[in-house]
Amino acid sequence: MKKTITCIECPVGCTLELDIENCRVVKVSGNKCPKGHDYAIEEIESPKRVLTSTVLTENLPIILLPVRTDKAIPKAKLMDAMRELKPVRVKKRVRAGDVIVKNFMNLEVNLIATRSICD
Amino acid sequence: MLRERELIIVGGGPAGMAAAIAAHESGVRDILVLERDYCLGGILNQCIHTGFGIRHFKEVLAGPEYADRYVNQIQSIPEIEISIKSFVVKLTREKVLTYLKPGQMHEVKAKAIIMATGCRERTREMIHIAGTRPSGIFSAGLAQRLMNIDALLPGKEVLVVGSGDIGLIMARRFTLEGAKVKGVVEIAKTTRGLVRNRVQCIEDFNIPIYFSHKISKIYGRNRVEAVDVVQVDDTYKEIQGTLFKVPCDTILISVGLIPENELMEMAGVKLDKKTNSPVSDGLNKTSIPGIFSCGNSFKVYDIVDSVTRDSILAGHLAAEYLKGAK
């Protein structure tokens, strides 16, 4: 089976032509870099996305702390992950990159802060 | 006597910070950065999605993370003074700047100035939509600020007008926060935003996208209740019989950005009437020697990495100008 997808790894957005056999990608063409090849395989075999959102803080100078998963998580889990974030509260100052939730949803990814809380 | 500074940079977003650091690298030792917000980072602070830094840092970062790298760097340079909550209200041809800080007004003269004031969003008024003027109509960037900084959800049933990147990114953000995005309406035949955003923000969530369509009317007295959507032909004329009504409580307008250059205009810098960019004989220069422009106030860029590259050049140019002026 042939399939055409768009690579989302960077702003170039290569059009990828895939040959798929038994739900496995056997050939990728159209990618301008190796990332496109890996993306194509993952996108067909187990699509993943980095989740970015915010969590509430308590008694800090900003109301919301922006966060993201440090690795991509299964696309199908994005909405569940949003529900998991709702009760999270950040109570002390953090730096960008600090872990907010370790092993988030047992997915072997960490939820990290993407902003430092300044004075 | 007016206090005189070597280099003043207006704006502490990615452009202003990169320009300041580059000017310092080129030998400028007296730099003042004026930022109107209470912290540095500019618009990046509300751009919580990832995709920043791929070219510049060879990493995929969220907007605030990209800003944070520059904030750390700029704060480690003692010769760069950062003045926050500083709103510039006047600029003259002689490079005298007036700015307000809470409870104070300052006037300062600069030998060179770099304007890094960013851009602003085009509005509903600029695309001529008929109908009432209820609440519930937001520019995409305003909705982004409300959701990502102020913890407010602007609405629950959303229609996005225009397919600019911020509109597409906000369609995903609204969906993740539990709102229903009824569709994206784009008058052109393809998306204005990056194709990756069409995939990861629209197709991932099965949001309908209507190309060659526009909204022709807004309904609602106090709050938006519905809009009319209609197909257009190649000359953007409405096609009879294609009109349909979409119930919604919120409209996001994402129809492009224009450089914010009122201060330069005030100083007499020549601006292109159509693009609002300064007219000049070289990159980052303006019609007034010693006034430079960089980032989205020079030209609206798709990605921040390009803003950084452009602003580094402006920093070096300003340093070169200052050396010549001595």
Side-chain angles (χ1 to χ4, degrees), chain A residues 4-16 33 35-36 39 43 47-58 60-72 74-86 94-98 111-119, chain B residues 37-41 44-55 58-69 71-72 75 82 84 144-152 165 169 172-173 175-178 191 193-201 203-205 301-306:
Chain A
T4 304
I5 63 170
T6 305
C7 180
I8 61 169
E9 290 291 321
C10 86
V12 175
C14 294
T15 301
L16 308 176
C33 84
K35 279 187 200 160
Y39 170 77
E43 187 64 9
K48 294 191 175 79
R49 298 287 184 265
V50 168
L51 176 71
T52 61
S53 189
T54 52
V55 293
L56 283 164
T57 66
E58 273 177 19
L60 288 172
I62 54 174
I63 310 168
L64 291 172
L65 177 72
V67 292
R68 68 174 169 92
T69 55
D70 60 358
K71 289 195 272 291
K75 200 167 116 175
K77 302 248 182 191
L78 287 175
M79 293 312 278
D80 289 344
M82 286 299 290
R83 274 186 286 278
E84 287 286 317
L85 289 182
K86 280 261 144 67
V94 292
R95 310 286 311 167
D98 285 359
L111 191 74
I112 60 167
T114 57
R115 182 175 178 178
S116 301
I117 301 180
C118 56
D119 293 306
Chain B
D37 208 341
Y38 75 95
C39 61
L40 294 168
L44 286 176
N45 287 327
Q46 70 181 58
C47 299
I48 64 162
H49 54 281
T50 55
F52 302 88
I54 298 168
R55 283 193 196 146
K58 311 283 178 235
E59 274 181 77
V60 183
L61 303 170
E65 280 178 295
Y66 189 101
D68 194 63
R69 304 240 167 147
V71 173
N72 290 335
Q75 285 177 342
I82 295 152
I84 54 163
Q144 187 180 46
R145 185 188 162 93
L146 293 171
M147 287 176 86
N148 296 347
I149 304 280
D150 301 326
L152 299 167
D165 283 312
I169 283 158
R172 172 176 64 184
R173 185 83 180 114
T175 308
L176 286 170
E177 287 294 347
T191 129
L194 298 170
V195 62
R196 68 196 300 239
N197 285 332
R198 182 175 158 191
V199 174
Q200 62 187 353
C201 300
E203 291 170 7
D204 267 9
F205 299 96
Y301 289 98
D302 280 335
I303 54 174
V304 71
D305 303 68
S306 315

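Please read these numbers as outputs of a predicted model, since none were measured by experiment. Letters A, B, ... are given to chains in the order of the sequence lines, protein chains preceding strands, and every chain is numbered from 1. All values below come from the heavy atoms of this structure, side chains included, with hydrogens, waters and symmetry mates left out.
- Taking the side chain as every heavy atom from C-beta outward, A:P66 and B:N148 never approach each other to under 4.5 Å.
- Between the CD1 atom in B:I48 and the CG atom in A:L64 there is a gap of 8.5 Å [rounded to 0.5 Å].
- The neighbour count for A:K77 NZ, taken as heavy atoms of other residues, nucleotides or ligands under 6.0 Å away, does not exceed 12.
- Among A:T114, A:I5, A:L85, the residue with the largest count of heavy-atom pairs under 4.5 Å with chain B is A:T114.
- Taking CD1 of B:I149 as the reference point, atom OG1 of A:T54 lies at 9.5 Å (rounded to 0.5 Å).
- Ranked by heavy-atom pairs shorter than 4.5 Å toward chain B, the options A:K75, A:K86, A:R83 are led by A:K75.
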>> Please evaluate residues A:T52 and B:R172 with respect to the criterion side-chain hydrogen bond (donor to acceptor under 3.5 Å, both in side chains), reporting the C-alpha separation (whole Å), side-chain torsions for both, the decisive distance (0.1 Å), and the verdict.
In response: CA-CA 10 Å; A:T52 61; B:R172 172 176 64 184; 4.8 Å; no
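- In terms of heavy-atom pairs under 4.5 angstrom with chain B, the leader among A:P11, A:S116, A:A96 is A:P11.
- The structure places CZ of B:R173 at 5.5 Å from CE of A:M82, a figure rounded to the nearest 0.5 Å.
- Proximity to chain A involves both the backbone and the side chain of B:L176, based on heavy atoms less than 4.5 angstrom apart.
- Atoms NE2 and CZ, from B:H49 and A:R68 in turn, are 12.5 Å apart once rounded to the nearest 0.5 Å.
- Of the two parts of A:L51, only the side chain, counted from C-beta on, holds a non-hydrogen atom closer than 4.5 Å to a non-hydrogen atom of chain B.
- In terms of heavy-atom pairs under 4.5 angstrom with chain A, the leader among B:L194, B:D302, B:D68, B:T50 is B:D68.
- Of the two parts of A:S53, the backbone and the side chain both hold a non-hydrogen atom closer than 4.5 Å to a non-hydrogen atom of chain B.
- Heavy atoms of B:F205 lying under 4.5 Å from chain A belong exclusively to its side chain.
- Considering every non-hydrogen atom in both A:C7 and B:R196, the closest pair reads O-CB, 4.4 Å.
- Using a 4.5 Å heavy-atom cutoff, the side chains of B:Q200 and A:V50 are not in contact.
- Taking chain A as the reference chain and counting heavy-atom pairs below 4.5 Å, the highest number among B:I54, B:N45, B:D150 is found for B:N45.
- Using a 4.5 Å heavy-atom threshold, the side chains of A:I8 and B:E203 count as separate.
- The parts of B:E177 that come within reach of chain A are both its backbone and its side chain, each placing non-hydrogen atoms under 4.5 angstrom from that chain.
- Proximity to chain A is absent for every atom of B:N197, based on heavy atoms less than 4.5 angstrom apart.
- When side chains are defined from C-beta on, B:R55 does not count as touching A:C10, because their heavy atoms never get closer than 4.5 Å.
- A:R95 touches chain B through its side chain: at least one heavy atom from C-beta onward sits under 4.5 Å away, while N, CA, C and O do not.
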